[in-house]
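Note that ligands are numbered from 1 as they come in the structure, with each ligand's atoms numbered from 1 the same way.
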Amino acid sequence: MTPLTARVARLRSRIQRACEDCGRDPGSIELLPVSKRQPLALVREAADLGFTRFGENYVQEGLEKIQACPDVAFILIGPLQRNKARQALQNFQEIMTVDRPELVVRLRHLAAELDLVRGVWIQVDLWGEATKIGGADAASLASVHAALEGDPRLPLQGFMAIPPPEDPGSFRALARLRDAWQEKTGRRLRVSMGMSGDLEEAIRAGTDQVRIGTAFFGTR
Ligand SMILES: *Cc1c(COP(=O)(O)O)cnc(C)c1O
């Protein structure tokens, strides 16, 4: 056993236990390893264990790993500036941090020019922490969604957030937001919430994906 396989085993049993507690199927929850500030060798090791998708926060830092691991997909989970949008679309398979109409306009323009299809997620922040981590607030969410206009090049996958872990109700609020939009759009939408410290809370509230950095790869 390597330190990585030991951590992955512990993580899987945490997910398993959390699912048992609330009667969910562990197979219905995606474990997305977050490889920011982790060495390439560890990402390679995880890819060799069979993980095929990784979350990265920084476009520039991601590029080295993306070039070295052409067999796996990288998902951008960190804030995206307009001037990095082209590189992001070219190199990442999904963008999880779409949070303002101007960014949507830029991404749609570039996706057409580059002739690419990329899944996008709307990052939401219902808790007023936007200045720190990004995310559309409740009032601007609809305008972000409207800017997408159902563009087939940027299919909406769902909603991602970093709910404040001290407030369990925040996880349920995000799940309800997803339910409401699912009803409104008639499309299946996923919700991505839960990190190393709060994945149990997120699973209980109904997350479809947990994004795990330190509990997967170790401390950064
Ligand atoms: C770093 C990061 C994670 C993973 O955080 P851990 O606490 O290390 O599990 C998840 N989501 C986002 C957006 C992050 O920036």
- Message: Taking the side chain as everything from C-beta on, heavy atoms only, tell me whether T97 gets closer than 4.5 Å to M160.
- Response: yes
Taking only heavy atoms of [X] into account, list the atoms of ligand 1 that are under 4.0 Å away from them.
{"X": "I77", "result": "11 (N), 12 (C), 13 (C), 14 (C)"}
{"X": "K36", "result": "1 (C), 2 (C), 3 (C), 14 (C), 15 (O)"}
{"X": "I212", "result": "9 (O)"}
{"X": "N57", "result": "14 (C), 15 (O)"}
{"X": "I162", "result": "13 (C)"}

- Item | N-O pairing of R172 and D179 below 4.0 Å |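 So R172 does not pair with D179 through a salt bridge.
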- Message: Check this for me, if you would: do R17 and D21 make a salt bridge, where the nitrogen-to-carboxylate-oxygen distance has to be below 4.0 angstrom?
- Response: no
- Message: Testing K36, K65, R37 one by one against E56 for a salt bridge (charged side-chain N to carboxylate O under 4.0 Å, His left out), which residue passes?
- Response: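 Of all the options given, the one that passes is K65.
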Please state which protein non-hydrogen atom is closest to [atom] and give its distance, to 0.1 Å?
{"atom": "atom 11 (N) of ligand 1", "result": "R211 NE, 2.9 Å"}
{"atom": "atom 10 (C) of ligand 1", "result": "M195 SD, 3.2 Å"}
{"atom": "atom 6 (P) of ligand 1", "result": "S196 OG, 3.5 Å"}

- Excluding sequence neighbours, so at least two apart, what forms side chain to side chain donor-acceptor pair (under 3.5 Å) with R14?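 Once residues adjacent in sequence are excluded, the partners of R14 under the side chain to side chain donor-acceptor pair (under 3.5 Å) criterion are E200.
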- Message: Does S140 form a side-chain hydrogen bond (donor to acceptor under 3.5 Å, both in side chains) with D137? I'd like the steps, not just the answer.
- Response: CA-CA 6 Å; S140 59; D137 60 21; 2.9 Å; yes
- Message: As a check for students: among S192, G213, G218, A161, identify the option with a heavy atom nearest to atom 4 (C) of ligand 1.
- Response: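 Result: the heavy atom closest to atom 4 (C) of ligand 1 is in G213.
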- Message: Any atom of ligand 1 sitting under 4.0 Å from a heavy atom of R220?
- Response: yes
- Does CD belonging to Q90 count more than 12 external heavy atoms closer than 6.0 Å?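 Check passes, neighbour count above 12.
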